[in-house]
Amino acid sequence: MPDFANYQREQVLDHGVAERLIYNETFEFCDWLVEVVAEGDEAWIQPFANVLEDLLTDGDAETKEIAVIGLIEDIQHLCVDRKVDPDRFLAALGPAAREAWWKMVRFWYAEHPERWPGSFHD
């Protein structure tokens, strides 16, 4: 699996994307990260979780929204789609990220808990 910078270059070349939008960027990162984890490499989880915590505690409102919708939500959905245990990410999250994580789990899966492959309670 290439590192994220190479992965991103491949995506731009493959899809001919000229304009880069923040939610496209965050999805591509999450896509790469979940794929790396699915292949057994968990080395990027903790550094990601550390930065995510900083974004949620020190970021402005827009940054926090992108962190939740563009990162946490995408990781959760990609884990479900690819059958990757989302708890592999959960264990590394700090307090603010865990709170946002559970909020998204409840929002998307409370009515259909059978669809959520990870823990349902902190």
Side-chain angles (χ1 to χ4, degrees):
M1 183 66 157
D3 64 22
F4 180 64
N6 288 330
Y7 170 85
Q8 191 175 36
R9 273 192 291 283
E10 289 173 11
Q11 293 298 309
V12 169
L13 291 173
D14 289 348
H15 302 291
V17 177
E19 183 180 355
R20 306 300 295 163
L21 303 173
I22 190 67
Y23 286 103
N24 292 11
E25 300 281 342
T26 57
F27 177 81
E28 286 178 4
F29 175 76
C30 293
D31 185 52
W32 171 81
L33 183 59
V34 171
E35 186 62 30
V36 167
V37 171
E39 292 177 2
D41 182 357
E42 296 187 7
W44 288 101
I45 293 175
Q46 192 61 61
F48 162 74
N50 294 344
V51 171
L52 179 63
E53 188 69 14
D54 289 344
L55 294 173
L56 290 167
T57 56
D58 299 332
D60 61 18
E62 182 180 11
T63 299
K64 291 175 183 180
E65 182 176 314
I66 292 166
V68 174
I69 296 171
L71 294 171
I72 292 173
E73 188 174 312
D74 282 349
I75 285 175
Q76 290 177 344
H77 291 319
L78 286 162
C79 283
V80 169
D81 291 346
R82 296 188 182 154
K83 300 186 181 0
V84 173
D85 182 3
D87 288 350
R88 293 163 80 178
F89 291 91
L90 177 62
L93 299 180
R98 288 178 82 82
E99 181 180 334
W101 179 272
W102 290 117
K103 185 176 182 180
M104 289 292 93
V105 169
R106 287 188 299 275
F107 179 81
W108 286 107
Y109 300 100
E111 292 183 23
H112 301 285
E114 72 281 0
R115 291 182 48 224
W116 179 245
S119 298
F120 217 94
H121 300 288
D122 197 14

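Along the sequence shown, the residues carry numbers beginning at 1.
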Nearest heavy-atom neighbours spanning L90 and R98
O-NH1, 2.8 Å
Minimum heavy-atom separation for A38 to V84, with atom names?
CB-CG2, 3.6 Å
Approximate separation, where rounding is to 0.5 Å, of Q46 CD and L52 CG
11.0 Å
Atom pair CD (Q76) and CH2 (W101), whose distance is rounded to the nearest 0.5 Å
4.5 Å
Spacing of L33 atom CG and D74 atom CG [to the nearest 0.5 Å]:
11.0 Å
Quick one: does C79's side chain get under 4.5 Å of V34's, heavy atoms only?
yes
Work out which heavy atom in I72 is nearest to a heavy atom in A97; give both atom names and the distance.
CD1-O, 3.9 Å
State the OG1-CG distance between T26 and D31, to the nearest 0.5 angstrom.
11.0 Å
Checking D60 now: which residues fulfil side chain to side chain donor-acceptor pair (under 3.5 Å) with it, not counting sequence neighbours?
T63
As an exercise, state the distance from CG of L78 to CD of E73, rounded to the nearest 0.5 Å.
10.5 Å
Supply the atom-to-atom distance I66 CD1 to I69 CD1, rounded to the nearest 0.5 angstrom.
9.0 Å
Look at the rings of W44 and W32 and say which category their plane angle falls in: under 30° parallel, 30 to 60° tilted, over 60° perpendicular.
perpendicular
Please give me the minimum heavy-atom distance between A67 and L56, naming the atom from each residue.
CB-CD2, 3.7 Å
With distance as the sole test, does E53 use its side chain to make a donor-acceptor pair with the main-chain N or O of L93 at under 3.5 Å?
no
Using the rule given for side chain to side chain contact (heavy atoms under 4.5 Å, CB included), can you reason through W108 versus V80, listing the C-alpha separation, both sets of side-chain angles and the distance that settles it, and then say yes or no?
CA-CA 11 Å; W108 286 107; V80 169; over 6 Å; no
Closest non-hydrogen atom pair, C30 against G70:
SG-O, 3.6 Å
How close do G40 and R88 get, heavy atom to heavy atom, and via which atoms?
CA-NH2, 4.0 Å
